[in-house]
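Step one of this worksheet: look at the structure below.
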Protein chains: 2
Amino acid sequence: MLANACWLTLAGMHHSQAPRTPEPSGPPAPTAARRSDATRAAILDAARERFATDGYERATIRAIAKDAGIDPSMVMRYYGNKEGLFAAAVSVDLRMPDLGAVPRDDLGRVLVTHFLAQWEENEQLTALLRVGAANRAGAERMQGVFRDQLLPAARTACPDPEQAPARAALATTQLLGLALTRYVLHLPPVAALTRDEIVAWLGPTVQRYMVAPHP
Amino acid sequence: MLANACWLTLAGMHHSQAPRTPEPSGPPAPTAARRSDATRAAILDAARERFATDGYERATIRAIAKDAGIDPSMVMRYYGNKEGLFAAAVSVDLRMPDLGAVPRDDLGRVLVTHFLAQWEENEQLTALLRVGAANRAGAERMQGVFRDQLLPAARTACPDPEQAPARAALATTQLLGLALTRYVLHLPPVAALTRDEIVAWLGPTVQRYMVAPHP
DNA sequence: GTCGTTGGTCAACGCCCGTTGGCAAACATG
DNA sequence: CATGTTTGCCAACGGGCGTTGACCAACGAC
């Protein structure tokens with residue numbers, strides 16, 4: 001989950017910590033529990049919330065540290081720098097279902113329902129969207145999510161896999177537009193829609209983008 | 001155009017300038033030409049570009065002034081503060097056509113075509129989108145554009161004007177999602193689409209959101 | 001008990017930001 | 001030419017930022 005911690009530059013992780021215990025062949029835990037795990041988790045929680053509500057620049061390390069109840073220098077020790085913190089705090093997993101197993105006529109509804117649920121239970125998605133709009137590096141991170149998670153799923157659903165990138169991208173325009181207007185801009189008429197209304201309206205759109213013949 | 005210059009706080013415009021010439025009943029020009037108009041325009045141009053490419057926080061007054069070839073203090077004198085500069089630089093006019101005169105079956109294609117053209121010839125739209133995603137005040141500004149420009153246009157096009165807010169909002173999710181992925185995130189498969197392809201794919205979507213019966 | 005390791009605080013550095021006020025040149029007006 | 005206004009530059013301010021390194025307390029192994 002912390003695999004790609006170096007995100008914009010390659011300079012981060014000066015204070016990276018290796019696990020202490022050299023595997024005494026005891027329990028099968030690959031990394032031992034550290035005494036500071038609670039603090040680390042508190043930092044990540046605070047960071048996720050700040051990044052989601054304030055965006056990258058306005059989410060200061062000092063504010064995140066204060067939210068977590070510790071000193072700003074702890075953030076630096078555990079995550080190297082601000083970029084490392086963002087990389088550690090925001091590791092999006094869309095939990096894409098197996099689209100091959102979904103009845104073809106339900107694809108649109110299933111996708112919209114899935115994304116609505118993901119977005120409302122995981123504030124990392126809003127954080128990533130905000131930073132993606134603010135930052136070139138954030139935009140590249142979003143491209144990575146599209147490439148590594150959405151595209152493979154689309155390939156299993158599209159009739160012609162060669163069309164998968166375009167079709168997945170079209171669906172993404174609709175789904176990200178919904179997220180932007182509803183969770184970031186808070187456009188009143190969008191925020192007022194119920195989930196069922198959104199699925200009823202957007203489902204056919206995504207359905208068409210995914211499987212309808214090229215217009 | 002500079003009407004609502006005070007944007008976030010009410011503190012701006014300390015150095016607001018009134019026109020000097022007290023209307024000598026000469027030419028019908030309401031405000032006389034100032035010697036500094038070229039500089040003012042250069043500042044606004046540089047500000048629009050910086051806000052569009054860097055977003056609000058990273059677009060510094062110092063960088064904008066350097067781009068315009070003048071001293072940062074000039075920006076303060078002419079536009080009060082950073083918020084005043086943004087308000088002056090970004091005054092979006094979507095130039096909405098009279099949708100009542102558009103054949104009902106062409107509504108979707110006309111709207112998508114119009115937005116594509118607007119977006120590609122006016123970098124203020126990208127600037128506003130970036131700031132809207134970064135900033136609560138920016139988001140409110142986008143809400144204002146929706147309320148004052150999109151909604152009135154939608155009322156003349158929707159069969160039932162009572163449904164206009166929801167229908168205009170749905171169309172906005174699709175159009176802003178396109179702008180976000182194409183002009184901000186630069187998602188490769190979206191950037192690769194031609195304008196005609198976009199119109200062919202998104203036109204029916206917007207058409208349905210605007211006039212199709214409630215699902 | 002002793003001592004290395006870990007968790008955590010504190011004070012500060014250097015930088016860049018928005019912003020301010022003073023001053024010099026260019027201009028306009030009589 | 002003399003005077004007031006506009007245009008512009010310069011140097012600085014106060015503050016917040018990311019970041020660093022010294023220092024202390026608690027813990028764990030032997």
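Chain naming here is simple, since letters A, B, ... match the order of the sequence lines and numbering starts at 1 in each. Only this structure's heavy atoms are used, side chains among them; waters, hydrogens and symmetry mates stay out.
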What is the separation between atom CZ on A/Arg58 and atom P on D/dG18, rounded to the nearest whole Å? 13 Å
Side chain of A/Lys82 only, please: which of D/dG18, C/dT19, D/dG21 is the nearest? D/dG18
Rounded to whole Å, how long is the line connecting atom CE of A/Met76 with atom P of C/dG8? 17 Å
Side chain of A/Arg34 only, heavy atoms from C-beta on: which candidate in D/dG18, C/dG7, C/dT9 is closest? C/dG7
B/Gln118 CD: over 12 foreign heavy atoms closer than 6.0 Å: yes
Rounding to an integer number of Å, can you tell me how far A/Asp71 CG sits from D/dA22 C1'? 13 Å
Which listed nucleotide (C/dG21, D/dT7, C/dG7) is nearest to the side chain of B/Tyr78? D/dT7
Under-3.5 Å N/O pairs linking protein and nucleotides 13-16 of chain D:
none

Measure the distance from CZ on A/Phe86 to P on D/dG18 and round it to the nearest whole Å. 14 Å
Rounded to the nearest 0.5 Å, how far apart are CZ of B/Arg136 and CG of A/Leu185? 12.5 Å
ring-ring contact (aromatic ring centres under 6.0 Å, His included) partners of A/Phe51, counting only residues at least two apart: A/Tyr56, A/Phe86
Judged by nearest nucleotide, the residue sitting upstream toward the 5' end of DNA chain C, B/Ala63 or A/Ser73, is A/Ser73
Return the CG to CZ distance between A/Asp67 and A/Arg62, rounded to the nearest 0.5 Å. 14.5 Å
Taking the minimum atom-to-atom distance to the side chain of A/Met74, which one of C/dG8, D/dT20, D/dT7 wins? C/dG8
Selection from C/dT9, D/dG8, D/dT19 that lies nearest to any side-chain heavy atom of A/Ile70: C/dT9
Tell me, yes or no, whether the heavy-atom count around A/Glu162 atom CD, taken from other residues, nucleotides or ligands under 6.0 Å, exceeds 12. no
Among D/dT19, D/dT7, C/dT20, which nucleotide has an atom closest to any side-chain atom of B/Arg35? D/dT7
Are A/Asp71 and A/Ser73 close enough that a side-chain donor and a side-chain acceptor fall under 3.5 Å? yes
B/Glu57 or A/Gly69: which one's nearest nucleotide on DNA chain C is closer to the 5' end? A/Gly69
Atom CZ of B/Arg50 and atom C1' of C/dC17: how far apart are they, to the nearest Å? 14 Å
Determine all donor-acceptor pairs shorter than 3.5 Å in which one atom belongs to a side chain in residues 167-180 of chain A; sequence neighbours excluded.
residue  : atom : partner  : partner atom : Å
A/Arg167 : NE   : A/Gln163 : OE1          : 2.9
A/Arg167 : NH1  : A/Tyr209 : O            : 3.0
A/Arg167 : NH1  : A/Met210 : O            : 3.4
A/Arg167 : NH1  : A/Ala212 : O            : 2.8
A/Arg167 : NH2  : A/Gln163 : OE1          : 2.9
A/Arg167 : NH2  : A/Ala212 : O            : 2.6
A/Thr172 : OG1  : A/Ala168 : O            : 2.7
A/Thr173 : OG1  : A/Leu170 : O            : 2.6
A/Thr173 : OG1  : B/Gln174 : NE2          : 3.1
A/Gln174 : OE1  : B/Tyr209 : OH           : 2.8
A/Gln174 : NE2  : B/Thr173 : OG1          : 3.1

What's B/Thr39 touching, base or sugar-phosphate or nothing? Going by heavy atoms closer than 4.0 Å. sugar-phosphate
